[in-house]
Novice: 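So that we are looking at the same thing, I have put the structure below in structure tokens.
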Amino acid sequence: MTMHVVGGGVAGLAAAVALADAGRVVVLHEAAPVAGGRCRALPDGTDNGTHALLGANAAALGFLDRIGARAGWVEPEPDGLPVLDLRDHRAFRVALSPFGWVDRALRPPGLAGGALLALARLAIPGRDRAVGAAMAAHPEFHRGFVDPLVIAALNTPSEEASANRLGAVLRRLGGRGATRLFVARDGLGPGLVAPALAALQAAGGTVRFGARLRRLVTQGGRVQALDFGEDAMALGPRDAVVLATPPWESQRLLPHLDVPAAHAPIVNLHYAHPTPGPVRFIGMLDALCQWVLVRPTGVAVTVSAGDAAAREEAETLGPRAWAELREAALAFGVAGDWPAQAPPCRVVKERRATPRHAPGPPLRPKRLPLANLALAGDWTDPVLPATIEASVRSGQAAAKALLR
Ligand SMILES: Cc1cc2nc3c(=O)[nH]c(=O)nc-3n(C[C@H](O)[C@H](O)[C@H](O)COP(=O)(O)OP(=O)(O)OC[C@H]3O[C@@H](n4cnc5c(N)ncnc54)[C@H](O)[C@@H]3O)c2cc1C
């Protein structure tokens, strides 16, 4: 009985490890020469983009525990998130959790009773609408807290982002430690992908790189064979498949599938600028830079829902973002040199980073569209936006569905 997992992103890795842990023979087929998908290390060791996890991401953190990678994820700003607002050049700290707002020094801009109530209302599922419209009466709180949260969590501009999807995130932020923010100290390669592959192989799994599934051969509601072009694999009566490919690829392989049609880009700028440490994470308002991650190996800037940034040339993006982040680094006393001249910068534009999460019910695709095929992938989570947490949950749910 062999379990074929197609796609070695986070969802596929989580499914493969869960199936191997259950004692199944597992083969992971990945089209690219490396695993990780949209959460991968590039050949030079930098990440495709900064990835952060919150304490509320129980499935993702549990997966890191399982693969022995948890110690590589550090909490850069335990005393509140540093934020530089370029509108008035004010530097302050914000608690991500409303419980932290008891301390006046950690309150977000524009916080008032009415704004808090509007935020609480967002957490209650109801008639869906755009977050921007729901927060229209509280522009300052929206600008200083809700909008950056929406862009980070939903990768969708507030004016088109689903209030119900944001609500699903907010409901998870209530628990103790839920808003602690973690990043991979040494990057996604050593912090996630390599340990996941090692754990899979230690549990008996096999990985095939450069193995792009061309076609699913189906008959009678079952997958009969996997066609990889040069080689095809016939499935035995008890063999099964986890399809953990991105939505557009899952639809190519299963044309009747309903998948998200619109995606949003995330742009990351990686500066070759080593710093002495420790790891720092700074938010920016009214800026091109949304988040600045400072690690000993270099400095990275994230621009989510980055439609405009994705259209801009690297030659102008690099110096523009450096001028902003340099001001933030100096304002918060980040260790290291911060010259006026921008260091060499690599720009990574992930054009289909995640689906856009517009108002309306999520797709909720069937976990088992065929008797021996389960779907996984960030886009298949019925509740959460497309994130590492959704990917891990989906992979584990797909494994569970097949094991049942
Ligand atoms: C720049 C960026 C920043 C992000 N930041 C965050 C963050 O801070 N926090 C967070 O939680 N999430 C973040 N995300 C979202 C997160 O990366 C994704 O939700 C997650 O990685 C998706 O994983 P997945 O396994 O569902 O899909 P994918 O990562 O797309 O994996 C699919 C895999 O399938 C492979 N594949 C495709 N077609 C085939 C085929 N025919 N045969 C075999 N293999 C195939 C692909 O090569 C890929 O490896 C970010 C995403 C990006 C792009």
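All residue numbers in this chain count up from 1 along the given sequence. Only heavy atoms go into these numbers, but all of them, side chains included; no hydrogens, no water, no symmetry mates. Order of appearance sets the numbers: ligands from 1, and atoms from 1 within every ligand.
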Novice: Looking at Arg143 and Asp85, is there a salt bridge between them, counting it only when a charged N and a carboxylate O are closer than 4.0 Å?
Specialist: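 A salt bridge links Asp85 with Arg143.
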Novice: Starting from atom 20 (C) of ligand 1, find the nearest protein heavy-atom neighbour and note its residue, name and distance.
Specialist: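 Sorting protein heavy atoms by distance from atom 20 (C) of ligand 1 puts Ser391 OG, 3.4 Å first.
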Novice: Got the closest protein heavy atom to atom 46 (C) of ligand 1, with its distance?
Specialist: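 Atom 46 (C) of ligand 1 sits closest to the protein heavy atom Glu30 OE2, 3.5 Å.
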Novice: Taking only Lys NZ, Arg NE, NH1 and NH2, and the carboxylate oxygens of Asp or Glu, determine whether Glu389 and Arg172 approach each other closer than 4.0 Å.
Specialist: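 No, this pair does not count.
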Novice: Tell me whether the rings of His263 and Trp248 are parallel (<30°), tilted (30 to 60°) or perpendicular (>60°).
Specialist: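 His263 vs Trp248 ring planes: perpendicular.
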Novice: Counting non-hydrogen protein atoms only, what is the nearest one to atom 36 (N) of ligand 1? Give residue, atom name and distance.
Specialist: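 Going atom by atom, the protein heavy atom closest to atom 36 (N) of ligand 1 ends up being Thr245 CG2, 3.9 Å.
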Novice: Mind telling me whether His4 and His29 have parallel, tilted or perpendicular rings, with 30° and 60° as the class edges?
Specialist: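 Because their plane-to-plane angle is under 30°, the rings of His29 and His4 count as parallel.
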Novice: Side chains of Phe228 and Leu213: does their closest heavy-atom pair fall under 4.5 Å?
Specialist: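 A side-chain contact exists here, since the closest heavy-atom pair is under 4.5 Å.
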Novice: Nearest to atom 5 (N) of ligand 1 by heavy atom, Leu243, Thr50, Leu53, Leu54: which?
Specialist: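 Result: the heavy atom closest to atom 5 (N) of ligand 1 is in Thr50.
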Novice: Would you call Glu140-Arg107 a salt bridge at under 4.0 Å N-O?
Specialist: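 No salt bridge links Glu140 with Arg107.
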Novice: Measuring from atom 44 (N) of ligand 1, which candidate in Ala15, Pro247, Ala31 has the nearest non-hydrogen atom?
Specialist: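 Comparing heavy atoms across Ala15, Pro247, Ala31, the nearest one to atom 44 (N) of ligand 1 lies in Ala31.
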Novice: Have a look at ligand 1 and work out which part of Ala244, if any, has a heavy atom under 4.0 Å from it: side chain, backbone, both or neither.
Specialist: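 For Ala244, the contact with ligand 1 is made by the backbone alone.
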Novice: Does the distance from a Lys or Arg side-chain N to an Asp or Glu carboxylate O, for Glu350 and Arg38, drop under 4.0 Å?
Specialist: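 A salt bridge is absent here (no side-chain N lies under 4.0 Å from a carboxylate O).
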Novice: Please write down residue, atom name and distance for the protein heavy atom closest to atom 19 (O) of ligand 1.
Specialist: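 The protein heavy atom lying closest is Asp378 OD2, 2.8 Å.
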Novice: Just to confirm my output: which protein heavy-atom neighbour is closest to atom 31 (O) of ligand 1, and how far is it?
Specialist: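 Closest protein heavy atom to atom 31 (O) of ligand 1: Gly9 CA, 3.4 Å.
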Novice: Would you mind finding which of Gly37, Gly395, Ala52, Ala35 brings a heavy atom closest to atom 7 (C) of ligand 1?
Specialist: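 Heavy atom nearest to atom 7 (C) of ligand 1 belongs to Ala52.
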Novice: For Cys39, take its heavy atoms, then give the atoms of ligand 1 lying under 4.0 Å from any of them.
Specialist: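 Listed by number with element, the hits are 17 (O), 21 (O).
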Novice: Give the residue and atom name of whichever protein heavy atom lies nearest to atom 13 (C) of ligand 1, and the separation in Å to one decimal.
Specialist: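 Result for atom 13 (C) of ligand 1: His51 CD2, 3.3 Å.
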Novice: Considering only protein heavy atoms, which is closest to atom 27 (O) of ligand 1, and at what distance to one decimal place?
Specialist: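 Heavy-atom neighbour on the protein nearest atom 27 (O) of ligand 1: Arg38 NH2, 2.9 Å.
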